[in-house]
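Below: one structure, written as structure tokens.
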Amino acid sequence: MLVTRTPAPGETWSAPFTNTPIHATVALPGSKSLTNRHLVLAALSESPSRLTGVLVSRDTDLMIQALTALGAAFQRVNDDPTVLDVTPIRLAETTGEITVDSGLAGTVMRFIPGVAAGTQATVLVDGDEQSYARPMGPVIDGLIQAGAHISANGQDPITTLPLTVHGKGPVPGGAVGIDSGGSSQFVSALLLVGATFGRGLDLRHTGEHTPSPEHIAMTVNVLEAAGVRIEHPEPNRWMVHPGPITATDTAVEPDLSNAGPYLAAAVVTGGSVTVPYWPQETTQIGDRWRDILPAFGATVTFEPVAGTNYGDLTVTGTRDATGRPIITGGGEIADLAELTPTTAALALLADGPTRLTKIGHLRGHETDRLTALNAEATKLGATIEEGLDYLAFAGGYDLTGATLESYADHRMATFGAIIGLAVEHTVVHDIATTAKTMPDFPSAWTKLAAGQRDIRA
């Protein structure tokens, strides 16, 4: 019987290696992006609601704690942490001095200030030391333009945590212009609270390029499902009408972005991995795995389940006559956002060239992911080209094992795990950081590499 142990934070972890094709079915937890959006809307709703399929992770725990501090209540159903009954915030009744810990969670640090602004409380929003490097300027600027009162010691303008929101009741709202080129979360943060503003919100993105448009579409979709009226009269403009938010009982979709490492395992080993309950239609950016993985030589099939909005997605890798996995170069792939580290792992293991473009905003994620990926590739013996907003891989590298840093970034940690499947003696420092979105990742990955067929991620 395979025995696994949960690594402690900061501990090094020997990534499992295998020269055997992986064949498994992997059940995914709920989407982090959707969970935290649904939690915010349920907390701002006019009436109670129930969420099922909630992701249990550090990021979602931090969101629940933040919303609880602001006056919401979350009750487990039958002691199941994935099923929550939500009692909304009564913004006018939230008073006093409150501290919110956002950790390193972008959704918490960027979504919570807008919620806090509508209360009658003074709310300090803080986080991990590394969170101070994550950009906050556009969302805070947008809230101030809308009439919110926010301050930060020694900052003018305000660009980073920590900061203090001085809640003075409903935010006036109106026309707001921001450059959201650094993160789509700047737009989503404002859209999520726009209906609570007195005049609603007329939001314009003033920059040239909006990263992760799928995440903005996701935000619009969940808002409309909660009864919020939104117009999109022209590119880069959203009009949120003021009015009640009426969250309904909702099931959270599985996390398709976190499917990436498991699906990549099929490509890397020349095996096959099936993910059940894959939505037929979704706004999640992870649905792009259907298009990305065939670029590296994999076959992707989808078997719908009759009468539902989901099916089984299967990725099958390619092997040559000797059984060696074949990974072709991916060519040019743009706008990958959070899918970049997993795709970069495939690009390092591929026989041909890959170029990942329009990913400059990743420099403001949990770490500067472009610089981090370049540094870890160098440790493995590969030379890649790092541009301001792209990474280019020649392919055909002769990689050797190394100790890879996670940078307290869950996707850099899973990047190292993927490399380890194909490169012996790969070690990942602080694999426990995957608890940000996948608390059981080290155990599940070890079981996958050992040949277990049914995996709960």
So, Ser102 side chain and Asp126 main chain: donor-acceptor pair closer than 3.5 Å or not?
-> yes

The side chain to side chain donor-acceptor pair (under 3.5 Å) partner of Asp335 among Lys358, His209, His361 is His209

State whether a side-chain donor-acceptor pair under 3.5 Å links Ser257 with Gln284.
-> no

Residues His365 and Glu338: side-chain donor-acceptor under 3.5 angstrom | no

Heavy-atom side-chain contact between Ile98 and Leu124 under 4.5 Å | no

Given Thr383 and Phe393, is the side chain to side chain contact (heavy atoms under 4.5 Å, CB included) satisfied, shown in steps?
-> CA-CA 8 Å; Thr383 299; Phe393 304 77; over 6 Å; no

What is the minimum heavy-atom distance between Ala72 and Ala43, and which atoms define it?
-> CB-CB, 4.0 Å

Do any N or O atoms from the side chain of Glu405 and from the backbone of His429 form a donor-acceptor pair under 3.5 angstrom?
-> no

Give, for atom CD of Gln145 and atom CG of Leu201, the distance between the pair rounded to the nearest 0.5 Å.
-> 10.0 Å

Can you tell me if Gln155 uses its side chain to pair, donor with acceptor, with the backbone of Thr159 under 3.5 Å?
-> yes

dist Tyr390:OH -> Ile384:CD1 (nearest 0.5 Å) comes out at 10.5 Å

Indicate every side-chain donor-acceptor pair of residues 167-182 with a distance under 3.5 Å to a residue at least two apart or in another chain.
from, atom 1, to, atom 2, distance (Å)
Asp179, OD1, Gly181, N, 2.9
Ser180, OG, His205, ND1, 3.0

Rounded distance [0.5 Å steps], CG in Leu190 versus CG in Asp202 = 12.0 Å

Would you please say whether a donor-acceptor pair under 3.5 Å links the side chains of Gln65 and Asp61?
-> no

Report yes or no: is the cationic atom of Arg37 (NZ for Lys, CZ for Arg) closer than 6.0 Å to the six-membered ring centre of Phe111, at no more than 45° off its axis?
-> no

Among Leu404, Val428, Thr426, Val427, which one satisfies side-chain contact (heavy atoms from CB on, under 4.5 Å) with Trp13?
-> Val428

Strictly by modelled atom types, are Thr94 and Thr119 linked by a side-chain donor-acceptor pair under 3.5 Å?
-> no

Checking side chain to side chain donor-acceptor pair (under 3.5 Å) for the pair Thr437/His410: CA distance, chi angles, key distance, verdict?
-> CA-CA 7 Å; Thr437 55; His410 56 138; 2.9 Å; yes

Which atom of Pro81 lies closest to which atom of Asp79, heavy atoms considered | CD-O, 3.5 Å

Would Thr107 and Gln185 satisfy side chain to side chain donor-acceptor pair (under 3.5 Å), going step by step from the backbone distance to the final call?
-> CA-CA 7 Å; Thr107 50; Gln185 288 178 359; 5.4 Å; no

Side chain to side chain contact (heavy atoms under 4.5 Å, CB included) between Ile150 and His166: does it pass, once the steps are laid out?
-> CA-CA 6 Å; Ile150 303 174; His166 306 274; 5.7 Å; no

Looking at side-chain heavy atoms only, is the closest gap between Pro113 and Leu143 below 4.5 Å?
-> yes

On the 0 to 90° scale, with breaks at 30° and 60°, tag the His232-Trp238 ring pair as parallel, tilted or perpendicular.
-> parallel

Are any of the side-chain nitrogens in Glu366 or Arg411 under 4.0 Å away from the carboxylate oxygens of its partner?
-> no

Sidechain-backbone polar pair: Thr371 side chain, Asp368 backbone, donor-acceptor under 3.5 Å = no

Rounded distance (nearest 0.5 Å) linking atom OG1 of Thr164 with atom CD of Glu97 = 9.0 Å

Will you find, in the side chains of Asp59 and Ser57, an N or O donor that is under 3.5 Å from an N or O acceptor?
-> no

Derivation of the side chain to side chain contact (heavy atoms under 4.5 Å, CB included) call for Leu44 and Val40 | CA-CA 6 Å; Leu44 291 174; Val40 169; 3.9 Å; yes

Report yes or no: does Asp430 contribute a side-chain atom to a donor-acceptor pair with the main-chain N or O of Glu11 at less than 3.5 Å?
-> no

Below 4.0 angstrom, N of the basic side chain to O of the carboxylate: do Asp440 and Arg456 qualify?
-> no

Drop me the distance from Leu349's CG to Ile419's CD1, to the nearest 0.5 angstrom.
-> 4.0 Å

Indicate yes or no: does Arg204 engage Glu234 in a salt bridge with an N to O separation below 4.0 Å.
-> yes

Within the distance-only criterion (no hydrogens, no angle test), does the side chain of Arg363 pair as donor or acceptor with the backbone N or O of Leu388 below 3.5 angstrom?
-> yes

Is a donor on one side and an acceptor on the other found under 3.5 Å between the side chain of Ser49 and the backbone of Ser45?
-> no

Side-chain contact, heavy-atom cut-off 4.5 Å: Met136 with Arg134?
-> no

Going from CG on Asn153 to CG on Asp156, what distance comes out if it is rounded to the nearest 0.5 angstrom?
-> 12.0 Å

Just by modelled atom types, is the Leu263 backbone N or O under 3.5 Å from a matching donor or acceptor in the Trp289 side chain?
-> no

Exceeds 12 heavy-atom contacts within 6.0 angstrom, atom CD of Glu208 | no

Any side-chain heavy atom of Arg290 sitting closer than 4.5 Å to one from Trp278?
-> yes

Under 3.5 Å, is there a donor-acceptor pair between the side chain of Asp255 and the main chain of Asn258?
-> yes

Closest heavy-atom pair, Ser33 versus His215, reported as atoms and distance to 0.1 Å, is OG-NE2, 3.7 Å

Are any of the side-chain heavy atoms of Leu70 and Leu91 separated by less than 4.5 Å?
-> no

So does Glu386 have more than 12 non-hydrogen atoms from other groups sitting under 6.0 Å from CD?
-> yes

Decide yes or no for Thr274 and Tyr262: does some side-chain heavy atom of the first lie under 4.5 Å from some side-chain heavy atom of the second?
-> no

Check: Leu339 main-chain N/O paired with Thr342 side-chain donor or acceptor under 3.5 Å | no

In terms of heavy-atom contacts, Ser212 and Ala337 come closest through OG-CB, 3.0 Å

For Thr340 and Thr343, test the side chains for any donor-to-acceptor distance below 3.5 angstrom and give the result as yes or no.
-> no

Leu391 and Leu370: CA distance, side-chain angles, deciding distance, side chain to side chain contact (heavy atoms under 4.5 Å, CB included) verdict | CA-CA 7 Å; Leu391 294 173; Leu370 277 70; 4.1 Å; yes

Heavy-atom closest contact (Thr414 atom, Pro261 atom, distance) = CB-CG, 3.9 Å

Answer whether the closest heavy-atom distance between the side chains of Leu34 and Leu55 falls below 4.5 Å.
-> no

Taking all non-hydrogen atoms of both residues into account, name the closest pair between Ala298 and Val315 and its distance.
-> CB-CG1, 3.9 Å

Find out whether Phe415 and Asp409 are in side-chain contact, i.e. whether some heavy atom of one side chain is under 4.5 Å from a heavy atom of the other.
-> no

